[in-house]
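Working notes for the structure below.
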Amino acid sequence: MTPEQLSASIVGALTSLVEAGSVVLPDGVPAEVVVERPKVKEHGDYATNIALRLAKAAGMNPRDFAQLLADQLASADGIASAEIAGPGFLNIRVAAGAQGALAAQIVAAGETYGTSDLYSGQKVNLEFVSANPTGPIHIGGVRWAAVGDSLGRILTAIGAEVTREYYFNDHGVQIDRFARSLLADARGEDAPEDGYGGQYISDIVAKVMAAHPDVLSQPEAEALETFRAEGVDLMFAEIKASLHDFGVDFDVYFHENDLHESGAVQRAINRLDELGMMYDKDDARWLRTSDFGDDKDRVVVKSDGEPAYISGDLAYYLNKRERGFDRCIIMLGADHHGYVSRLLAMCAAFGDTPGVNLEPLIGQLVNLVRDGKPLRMSKRAGTVLTLEDLVDAIGVDAARYALARYSTDSTIDLDLDLWASQSSDNPVYYVQYAHARLSSIIRNAVDLGVVIDESTFDPSLLTIDQEGTLLRALAGYPRVVARAAELREPHRVARYLEDTAAAFHKFYDVSHVLPKGDEEPTDLHRARLMLVSATRQVLGNGLALLGVSAPERM
RNA sequence: GCCCCCGUAGCUCAGUUGGAUAGAGCGACCGCCUCCUAAGCGGUAGGUCACAGGUUCAAUUCCUGUCGGGGGCACCA
């Protein structure tokens, strides 16, 4: 009995009541009924407030409505009891056998347990990180690497066809600054006022000069071009490698420069022109973004004839749509939130639906703390904490988990001392430890010759509270995955795993799964082993959605 | 001035179609290993859910305002 099945039973009961004429529902019977797991054990295995919600429309007292529903439900399969409580809640207890059967279903489903087809047939473009190739990925971008990649896995789990994409800003003045910074370093000069500094600059210079020993004797413009082209390539290779080591690989690395060189920018502008969205003023070309909620119109082509930054985004968005993506999700830091309204306006100007075809997600920033004091980063001074620094300090699993377990609406403080301490304070160990314990039980079961399959599994033997709680936690997994996907909130998966790991640890503490000593295996041992197998499957599936390893031993 | 996010236990944070007695980890205190991994479990202590109104049978949740913290408001990218 899963929450979905219970929901269906309640809908069935409502339908019966309506058909019998016992109740009148002007708006019809709802397609599904939300059931929740009560916080208090006395409130049963599941509870629903559907009687409270429908009573007014039915013109009935909520408790009377609930009573009718309870009587109807009492005869339904797998339901042990349904009681009315408070103003009209319905507290439901599930028959032991009906609940335990889920364990075998999970084991049979394996890696597919929790997946669905909610987004099947949808092509989703997920753009994240997209850090400029003027330096290593710093801590701000790492949050998006962890959250974005996890969101990609979660959307895939609900059936979407996901393309992970990295927009590579290799066009514009920041690249010129980068090239000038490299040249200055090669000449032994200080970094330019608006340039970049740090050890990584010197490292790149050394590589470029090794490949082009004569670069400093080239004319200025030529030397600058050599440093630009080589430097960007080296930087980009380094970024890709860091992300790969972090478990994040993109399907497409899109170069902004290509949009300008291929004429895609001009085509996008022409399209908007045809749609009547462009106008000329003060020698510049403007897009009517204020018609679609932006504060003001935006310059697309500057008065000097150069395309403004937004022109690349116009072309890039159009390009994504032409590649067949129904949904283009872009993950941006809070320092870019001011850009959201014009992106949405741009989407609308193309005649698309903002929030559907284009969906910018804003996440708050990550602060670094050391010795209780905030750490100031400066790109110019080179005091940047990079993705690799973070991984060196706390490892990939802890880093990914730590960054993915918080709502992206919250600014997070990352205490370097705490995370570097590798202490067991980190919740990722709690979940991983549960998985390792489960794996250990399964290994021992094999050694003891205890085997379980559907034919020898008696779900009605899983009767104690901790088994029921664990089973209900496992039953909730598909819904958590669906909610995490629809709300774009991977942290829900992490929190769910912590709850489920806790339910398992509590079960482990009170019930011994395997025979002790020379005890003969019983049906109860086998039933619990099935529950253990199902739990390991769910924790493993969930950790995979976060890109965190599920260790067999710790 | 305008826009976005946040304000819940000492700390870090969960809590969505609005529900019952407010949740977890860490920290503090007291317990539990002759038995499958003690990186675990049980218990105690700790709260005006920032504040004030409003909607509702019901508000931490929705609306308005105030205060506090953070981040933004270019013919820069």
Side-chain angles (χ1 to χ4, degrees), chain A residues 30 32 34 36 38-40 42-43 47-49 52-53 55-56 62 85-89 91 132 134 169 171-177 194 256 281-286 295-296 298-304 306-310 312 333-341 362-365 367 405-413 415 418 423-434 436-445 447-448 450 483 486-487 489 491-492 494-496 498-499 501-502 504-517 519 525 528-529 532 553-554:
Chain A
E32 62 170 3
V34 175
E36 57 181 8
K39 294 169 200 146
V40 195
E42 288 68 37
H43 294 157
T48 179
N49 62 358
L52 283 164
R53 303 193 67 85
K56 187 177 277 183
F89 293 104
N91 294 335
N132 285 343
T134 53
N169 295 117
H171 183 94
V173 300
Q174 85 279 7
I175 294 295
D176 297 332
R177 288 181 197 145
D194 55 356
E256 182 187 2
K281 191 181 84 175
D282 301 338
D283 298 326
R285 306 212 65 201
W286 298 71
D295 296 338
K296 51 179 285 195
R298 301 292 167 176
V299 169
V300 173
V301 182
K302 296 189 270 185
S303 54
D304 63 5
E306 289 294 311
Y309 181 75
I310 194 175
D335 52 342
H336 286 82
H337 98 266
Y339 209 65
V340 169
S341 58
I362 291 297
Q364 301 303 310
L365 304 177
N367 294 317
R405 87 182 279 263
Y406 301 103
S407 161
T408 54
D409 283 342
S410 299
T411 306
I412 54 175
D413 295 325
D415 186 321
L418 177 73
S423 73
S424 58
D425 301 347
N426 192 335
V428 70
Y429 292 120
Y430 185 78
V431 177
Q432 288 185 316
Y433 181 59
R437 261 186 163 178
L438 288 156
S439 302
S440 173
I441 295 170
I442 291 166
R443 273 197 305 276
N444 293 334
D447 292 345
L448 291 170
V450 183
R483 296 294 283 167
E486 288 171 341
L487 297 172
E489 292 184 344
H491 77 273
R492 287 170 183 273
R495 300 292 173 160
Y496 166 81
E498 290 168 33
D499 288 346
F504 163 66
H505 285 309
K506 288 170 189 180
F507 156 77
Y508 179 92
D509 201 53
V510 297
S511 65
H512 203 95
V513 176
L514 298 175
K516 298 182 200 175
E519 213 181 336
H525 291 128
R528 287 177 172 166
L529 183 57
V532 162
R553 309 166 192 271
M554 287 176 75

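Not measured: the values here are computed from a predicted model. Just so we're on the same page: letters track the sequence lines, and every chain starts at 1.
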Could you tell me how far apart [X] ([atom1]) and [N] ([atom2]) are, to the nearest whole angstrom?
| X | N | atom1 | atom2 | value |
| --- | --- | --- | --- | --- |
| A:Lys506 | B:rG40 | NZ | C1' | 11 Å |
| A:His491 | B:rA14 | NE2 | P | 6 Å |
| A:Gln364 | B:rC4 | CD | C1' | 7 Å |
| A:Asn49 | B:rU17 | CG | C1' | 10 Å |
| A:Leu487 | B:rA14 | CG | C1' | 14 Å |
| A:Gln432 | B:rG25 | CD | P | 18 Å |
| A:Glu32 | B:rU16 | CD | P | 17 Å |
| A:Asp409 | B:rG70 | CG | P | 18 Å |

Review point. Between A:Asn91 and A:Ser440, who's closer to the 5' end of RNA chain B by nearest nucleotide?
Key: A:Asn91
Review point. So which one's nearest nucleotide on RNA chain B is more toward 5', A:Arg492 or A:Arg405?
Key: A:Arg405
Point to revise | Syn or anti conformation of B:rC33, syn meaning chi within 90° of 0 | key: syn
For atom [atom1], what is the distance between [N] and [M], given to the nearest Å?
| N | M | atom1 | result |
| --- | --- | --- | --- |
| B:rC75 | B:rG70 | C1' | 30 Å |
| B:rA14 | B:rU55 | C1' | 27 Å |
| B:rU37 | B:rG43 | P | 24 Å |
| B:rG65 | B:rA24 | P | 35 Å |
| B:rC67 | B:rC51 | C1' | 7 Å |
| B:rA9 | B:rA22 | C1' | 10 Å |
| B:rC5 | B:rU61 | P | 16 Å |
| B:rC3 | B:rA74 | C1' | 16 Å |

Practice item. Name the closest nucleotide to the A:Leu52 side chain, picking from B:rG15, B:rG19, B:rC36. Key: B:rG19
Practice item. Check every atom of B:rU17, B:rA14, B:rA20 against the side chain of A:His43 and return the nucleotide holding the closest atom. Key: B:rA20
Within the structure, does a side-chain N or O atom of [X] lie under 4.0 Å from either OP1 or OP2 of [N]?
| X | N | value |
| --- | --- | --- |
| A:Tyr508 | B:rA38 | yes |
| A:Ser410 | B:rG70 | no |
| A:Lys56 | B:rC57 | yes |
| A:Asn444 | B:rU37 | yes |

Point to revise | Test log, rule side-chain contact (heavy atoms from CB on, under 4.5 Å), inputs A:Arg298 and A:Trp286 | key: CA-CA 5 Å; A:Arg298 301 292 167 176; A:Trp286 298 71; 5.8 Å; no
Review point. Of all heavy-atom pairs between A:Pro38 and A:Ala47, which one has the smallest distance, and what is that distance?
Key: CG-CB, 3.8 Å
Which is true for [X] with a 4.0 Å heavy-atom rule: it touches a base, it touches only sugar-phosphate, or it touches nothing?
| X | value |
| --- | --- |
| A:Ser511 | base |
| A:Ala85 | base |
| A:Leu514 | base |
| A:Ile175 | nothing |
| A:His505 | sugar-phosphate |
| A:Tyr406 | sugar-phosphate |
| A:Ala47 | base |
| A:Ser407 | sugar-phosphate |

**Study point:** Residues A:Lys516, A:Glu519: salt bridge by 4.0 Å N-O rule
**Key:** no
Just so I know, are the side chains of [X] and [Y] near enough to count as touching, which here means a heavy-atom distance under 4.5 Å?
| X | Y | value |
| --- | --- | --- |
| A:Met554 | A:Arg437 | no |
| A:Arg492 | A:Tyr496 | no |
| A:Arg495 | A:Tyr406 | yes |
| A:His491 | A:Ser407 | yes |
| A:Val513 | A:Phe507 | yes |
| A:Thr48 | A:Val34 | no |
| A:Lys302 | A:Pro307 | no |

Check your understanding: What is the per-nucleotide protein-contact pattern of nucleotides 72-77 of chain B, from the 5' end, where B denotes a base atom under 4.0 Å from a protein heavy atom, S denotes such proximity for sugar-phosphate atoms only, and - denotes neither?
Key -> S--BSB
Review point. Taking N and O atoms by type only, does the side chain of A:Asp499 place a donor or acceptor under 3.5 Å from a partner on the base of B:rA14?
Key: no
Check your understanding: For A:Gln364, which of A:Thr411, A:Thr408, A:Asp335 qualifies under side-chain contact (heavy atoms from CB on, under 4.5 Å)?
Key -> A:Thr411
Please produce a list of atom pairs where a protein N or O lies less than 3.5 Å from an N or O of nucleotides 27-35 of chain B.
{"residue": "B:rC35", "atom": "O2", "partner": "A:Lys516", "partner atom": "NZ", "Å": "3.2"}

Practice item. Check the side chains of A:Arg528 and A:His512 for a donor-acceptor pair under 3.5 angstrom, ignoring hydrogens and angles. Key: no
Point to revise | Heavy-atom donor-acceptor pair, A:Gln174 side chain to A:Asn169 backbone, under 3.5 Å | key: yes
Check your understanding: Does A:Ser440 offer a backbone N or O that forms a donor-acceptor pair with the side chain of A:Asn444 under 3.5 Å?
Key -> yes
Exercise for review: For RNA chain B, just give me the dot-bracket, please: Watson-Crick or G-U, both distances below 3.5 Å, ( ) intra-strand, [ ] crossing earlier pairs, | paired with another strand, . unpaired.
Suggested key: (((((((..((((.....[...)))).(((((.......))))).....(((((..]....))))))))))))....
Review point. Under 5.5 Å between ring centres and under 30° between planes: does that hold for A:Tyr430 against the base of B:rG25?
Key: no
**Study point:** Candidate pair A:Val431 and A:Glu498, rule side-chain contact (heavy atoms from CB on, under 4.5 Å), full reasoning
**Key:** CA-CA 6 Å; A:Val431 177; A:Glu498 290 168 33; 3.9 Å; yes
